[in-house]
Number of protein chains: 2
Amino acid sequence: MQLKKYTDYGLRILMYLGAKEGAKESSNNRTEAPERLTTIKDICETFSLSSNHVNKVVHHLGRLQLIETRRGKNGGFFLAKAPNEIRLDYVIRQLEGDEPWIECHNPYCVALPACELNGIVARGKELFYDYLREFTLADLLKKRGQLQQIFSTAS
Amino acid sequence: MQLKKYTDYGLRILMYLGAKEGAKESSNNRTEAPERLTTIKDICETFSLSSNHVNKVVHHLGRLQLIETRRGKNGGFFLAKAPNEIRLDYVIRQLEGDEPWIECHNPYCVALPACELNGIVARGKELFYDYLREFTLADLLKKRGQLQQIFSTAS
DNA sequence: TCAAAGATACATGAATAATGCATATTATAA
DNA sequence: TTATAATATGCATTATTCATGTATCTTTGA
């Protein structure tokens, strides 16, 4: 019972971008590309991660349109939304996958027709995500100055 | 992000016992042993599980004093408490293990000193368990008659 | 004393997450 | 136009953890 590192890495990437780019507000739900884009290499060096895995997470964040990715020379990625528009429940649900937390089929459990358990666990899961829904990336950037310093001195 | 089968099996065992033994009330926090005890074999046949794994879960439930186990001929196990005294949050926390849902060390994350995320996830986890705390084994036995029929015809 | 039950330790297998490698694709700059 | 730096993508491999199997010990009742 633990979030995947994959999900964790996704959140760290967003924190990195948020700390670097700042809390831009955007009316058109888009932010401008910064001068120099953040690259997968930057992330890997900062957090001491392997590029392969980060590669996939970045791609996923791109597909979710949370970041915008640019191929080619001087490419990289940046936040596609303002931090206060990136809800944590959405990020975690998408990266983590949204399977039930208890498995009643596979293999099938005979008690299923009279089982109250799966409903209770499913409701608990929703309460977890309802709570996360109250937070956005902006809430993860409360100590933005400190994060900036950490990220700039790391690697 | 899913409960272990181990935990699931534990809950099914308790449901089986509760359905069979009924909703006995006990002032001294103990129930009487029934005529014929439930065995690991009974559970395995009912739910089509391997005895090895169930063996360990039964042992664990015994250590938690949720059931009482009896070795030797005519041995087996039975509920050690009334169903309404067996809280679901306790069972799941114990069987599942109570680790944090997000890993900040191992390996260490540089952002940790300024990270807001782990606290948010930890609080969400507690809300999940707070919800489970409202339920007991008795709540899983609402359709007790149907469960009894299922369990008696299965195997 | 035998047989039926759980207790325990250790070994193996399976599933999935994490990582690695290779190569394709794209965009920019020289 | 070509070299280079970046992401995109698919497949292979490794590591971790969960699940299961095998063997043997211990306990208890008949």
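Residue numbering restarts at 1 for every chain, and letters A, B, ... go by the order of the sequence lines. Computed from a predicted model, the values in this text were never measured in an experiment.
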Peer 1: What are the two closest non-hydrogen atoms of A:Pro113 and B:Lys143, and how far apart are they?
Peer 2: O-NZ, 4.0 Å
Peer 1: Compare side-chain N and O positions of B:Thr69 against OP1 and OP2 of C:dA5 and report whether any pair is under 4.0 Å apart.
Peer 2: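 For B:Thr69, the contact criterion (side-chain N or O under 4.0 Å from OP1 or OP2 of C:dA5) is not met.
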Peer 1: Round to a whole Å and report the spacing from CG of A:Asp42 to C1' of D:dA5.
Peer 2: 13 Å
Peer 1: What integer distance in Å separates A:Lys73:NZ from D:dT1:C1'?
Peer 2: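 Between C1' of D:dT1 and NZ of A:Lys73: 14 Å.
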Peer 1: How close do A:Ala19 and A:Leu141 get, heavy atom to heavy atom, and via which atoms?
Peer 2: N-CD2, 3.7 Å
Peer 1: Counting any heavy atom closer than 4.0 Å, what does A:Asn52 reach on the DNA or RNA strands: base, sugar-phosphate only, or nothing?
Peer 2: base
Peer 1: From CG of B:Asn106 over to P of C:dA18, roughly how many Å is that when rounded to an integer?
Peer 2: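 In whole Å, C:dA18 P and B:Asn106 CG are 12 Å from each other.
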Peer 1: Roughly how many Å is it from CZ in A:Phe77 to P in C:dA27, rounded to a whole number?
Peer 2: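 After rounding, the gap between these two atoms is 17 Å.
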Peer 1: Any side-chain N or O of B:Ser50 below 4.0 angstrom from OP1/OP2 of D:dG21?
Peer 2: yes
Peer 1: Please tell me which of B:Gly72 and A:Arg71 maps to the more 5' nucleotide of DNA chain C, matching each residue to the nucleotide holding its nearest heavy atom.
Peer 2: B:Gly72
Peer 1: When the distance from NZ of A:Lys41 to C1' of D:dT7 is rounded to whole Å, what number comes out?
Peer 2: 15 Å
Peer 1: Please list, one pair per line, the donor and acceptor atoms closer than 3.5 Å that link side chains of residues 123-131 of chain A to other protein atoms, with sequence neighbours excluded.
Peer 2:
from     : atom 1 : to      : atom 2 : distance (Å)
A:Lys125 : NZ     : A:Asp98 : O      : 3.3
A:Lys125 : NZ     : A:Asp98 : OD1    : 2.9
A:Lys125 : NZ     : A:Glu99 : O      : 3.1
A:Glu126 : OE1    : A:Arg93 : NH2    : 2.7
A:Glu126 : OE2    : A:Arg93 : NH2    : 2.7

Peer 1: I want to check one thing: is the phosphate of C:dA17, taken as OP1 and OP2, less than 4.0 Å away from some side-chain N or O of A:Tyr9?
Peer 2: no
Peer 1: Regarding B:Leu37, tell me which of base, sugar-phosphate or nothing describes its non-hydrogen contacts under 4.0 Å with the strands shown.
Peer 2: nothing
Peer 1: Cut-off 3.5 Å, no hydrogens considered: what does the side-chain donor-acceptor table look like for residues 48-62 of chain A, sequence neighbours left out?
Peer 2:
from    : atom 1 : to     : atom 2 : distance (Å)
A:His60 : ND1    : A:Tyr6 : OH     : 2.7

Peer 1: To the nearest angstrom, how far is A:Ile40 atom CD1 from C:dT19 atom P?
Peer 2: 15 Å
Peer 1: Would you mind telling me which of B:Thr38, B:Ile67, B:Thr69, B:Leu37 makes a side chain to side chain contact (heavy atoms under 4.5 Å, CB included) with B:Phe78?
Peer 2: B:Leu37
Peer 1: As an exercise, state the distance from CG of A:Leu132 to CG of B:Leu117, rounded to the nearest 0.5 Å.
Peer 2: 8.5 Å
Peer 1: Nearest whole Å is fine: how far is C:dA15 P from B:Met1 CE?
Peer 2: 23 Å
Peer 1: With rounding to the nearest 0.5 angstrom, report the CG to CG distance, A:Leu95 to A:Leu3.
Peer 2: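 Interatomic distance, A:Leu95 CG to A:Leu3 CG, rounded to 0.5 Å: 10.0 Å.
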Peer 1: So which of residues 53-66 of chain A are in contact with DNA chain C, with a heavy-atom cut-off of under 4.0 Å?
Peer 2: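 Within this stretch, A:His53, A:Lys56 sit under 4.0 Å of the strand.
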Peer 1: Between atom CD in B:Gln2 and atom C1' in D:dA19, what is the gap in whole Å?
Peer 2: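 Computing the B:Gln2:CD to D:dA19:C1' distance gives 13 Å.
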Peer 1: Quick check: on DNA chain C, is the nucleotide nearest A:Leu3 upstream (toward 5') of the one nearest B:Asn74, or the reverse? Name the residue that is more 5'.
Peer 2: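 Whichever sits nearer the 5' end wins; that is B:Asn74.
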